[in-house]
Chemist: 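Take a look at this one; I'll ask things after.
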Amino acid sequence: MHEVSLARAVVNTVLDALKDRGIKEQRVTSITLRIGDLAQVDLESLEFAFSFATLETELESCMLIFTTKDAVVMCTTCKQQSPYSMEHFYRCELCGGACELVSGKEFDVVSIELESVGVH
Amino acid sequence: MKQLIELEDHILKKANSEALLLRETLANVGTLVINVMSSPGSGKTETISALSDELRLHGDTVAVLVGDCATDHDAQRLVSHVDWVEQIVTKGVCHLEPRMLVPYLPELLALAPRYLFIENVGNLVCPVDFDLGESIRVSLLSTTEGEDKPAKYPDLFRTCDITVISKIDLAEVVEFSELRARTFLDQVAPNTKTIKVSARTKEGVAELAQAIREVAQRSRGFETSITES
């Protein structure tokens, strides 16, 4: 259940961003996240944990929007890029060289949407 | 009126900055940090104990921070093998985070051990993404847990510099296939160094200590410490 820690990290990231930018009297209506295929996050568990992590904060009842990112590896020998697969893992399917992960571990707050509070 | 703000912040930005603080301040006093991760019961505590005995024979000081959901059993097991040990009881949290380590920093900086082992909570998933300020990651694959653990939990093994095949003295009894284990390890972690260890018979302990010393000698913090001492 590391989703509890991750949900708290999302909340802290956004609250810090609001503070850094001096944003007040605005309600966060949505948070857009980018989550890689290999980020080891269960989206349903994250949403559940998030609903508790936001209680009594400016983010209460805010919506999470998920965008995903495919896992891609690149061979350090022949530089070929290929989709990550559980058949080859981190071995190049062409030359057998060791591969590095190019994308797939992302877990970023892409953007937030704000709405003014108390304006008639 | 709605407004959109672009952030592009990694969600572990705060945790990563705490990890950087740990890494830099401990490197400044010449401490090499080693994050040890594996399944529960794969032999982390026994291996660290045997390794510490070996490292201390050469005059190096060893500190350990050990994480578990409950009890201080591991700290009690380690205490006679190390110079300093503290148990972090996570009360159910399945991994260690840098914020849990920060409170021990003043004491560690005063002690300035040559090595700080962080024995993570036994788990092959959640500890992976949390940088604890380590310079080396060590995973254990015990002969008793099945050769395909690296394929089932590729992310953890991929990020480790060294994989210890632990409980090697039991290999024959449990019909452990080293070839099969190495095949999976080679696929998921082509760059990891593999060392066979038995904490009971001490097989491979000296080799593991040497591998850690070699990394230590390459690290800036270690060199600084040698110059100063």
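None of the values given here were measured: they were computed from a predicted structure. Sequence lines set the chain letters: A, B, ... in the order given, protein chains first and strands last, and positions in each chain run from 1.
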Chemist: I need the contact set between residues 8-21 of chain B and chain A: heavy-atom distance under 4.5 Å, sorted by residue number.
Modeler: Glu8(B), Asp9(B), His10(B), Ile11(B), Leu12(B), Lys14(B)
Chemist: I'd like to know if Arg77(B) and Asp74(B) make a salt bridge, using a cut-off of under 4.0 Å between side-chain N and carboxylate O.
Modeler: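 Salt bridge flag = yes for Asp74(B) with Arg77(B).
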Chemist: Compute whether any side-chain donor of one residue and acceptor of the other, for Ser139(B) and Thr163(B), lie under 3.5 angstrom apart.
Modeler: yes
Chemist: Less than 4.5 Å apart, side chain to side chain, heavy atoms only: is that true for Ile168(B) and Val197(B)?
Modeler: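 In short, these two side chains do not touch, never coming nearer than 4.5 Å.
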Chemist: Show the nearest heavy-atom pair for residues Val93(B) and Ser5(A), with the distance to one decimal.
Modeler: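 Answer, listing the atom of Val93(B) first, then Ser5(A): CG1-OG, 4.5 Å.
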Chemist: Between Asp16(A), Leu6(A), Leu38(A), Val11(A), which residue shows the highest count of heavy-atom pairs closer than 4.5 Å to chain B?
Modeler: Leu6(A)
Chemist: Do Arg34(A) and Thr67(A) get their side chains close enough for a donor-acceptor pair, meaning under 3.5 Å?
Modeler: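 No, no side-chain donor-acceptor pair sits under 3.5 Å.
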Chemist: For Lys44(B) and Ser38(B), test the side chains for any donor-to-acceptor distance below 3.5 angstrom and give the result as yes or no.
Modeler: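 There is such a pair between these side chains.
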Chemist: Do the side chains of Leu32(B) and Ser135(B) get nearer than 4.5 Å, heavy atoms only?
Modeler: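 Sidechains of Leu32(B) and Ser135(B): in contact.
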Chemist: Contact between Val164(B) and Leu141(B) at the side-chain level, heavy atoms closer than 4.5 Å - yes or no?
Modeler: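 With C-beta onward as the side chain, the pair stays apart.
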Chemist: Give me the contact list for residues 51-62 of chain A versus chain B, heavy atoms only, anything under 4.5 Å, ordered by residue number.
Modeler: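 Not one residue of residues 51-62 of chain A has a heavy atom under 4.5 Å from chain B.
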Chemist: Can you run down the salt bridge (Lys or Arg N to Asp or Glu O under 4.0 Å) pairs that involve residues 155-166 of chain B, sequence neighbours left out, and say none if there aren't any?
Modeler: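 Every salt bridge (Lys or Arg N to Asp or Glu O under 4.0 Å) pair that includes a residue of residues 155-166 of chain B, provided the two are not neighbours, is Lys105(A)-Asp155(B), Asp155(B)-Arg158(B).
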Chemist: Report yes if the side chains of Phe50(A) and Ile31(A) come closer than 4.5 Å at any heavy-atom pair, otherwise no.
Modeler: yes
Chemist: Where does Gln40(A) contact chain B at under 4.5 Å (heavy atoms): side chain, backbone, both or neither?
Modeler: side chain
Chemist: Measure Asp186(B) against the heavy atoms of chain A and call it side chain, backbone, both or neither at under 4.5 Å.
Modeler: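 Both backbone and side chain.
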Chemist: Is Glu100(A) close to chain B through its backbone or its side chain, or both, or neither, when contacts mean heavy atoms under 4.5 Å?
Modeler: neither
Chemist: Can you pull out every ring pair (Phe, Tyr, Trp, His ring centres under 6.0 Å) where at least one residue sits in residues 58-89 of chain A? Sequence neighbours excluded, please.
Modeler: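 Qualifying pairs: Tyr84(A)-Tyr90(A).
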Chemist: Using a cut-off of under 4.5 Å on heavy-atom pairs, state which of Arg27(A), Glu115(A), Gln26(A) scores highest against chain B.
Modeler: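 Heavy-atom pair counts peak at Glu115(A).
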Chemist: Are Glu145(B) and Lys167(B) close enough for a salt bridge, meaning some N to O gap below 4.0 Å?
Modeler: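 Looking at Glu145(B) and Lys167(B), the cut-off is not met.
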Chemist: Where on Ile23(A) is there a heavy atom nearer than 4.5 Å to chain B: the side chain, the backbone, both, or neither?
Modeler: side chain
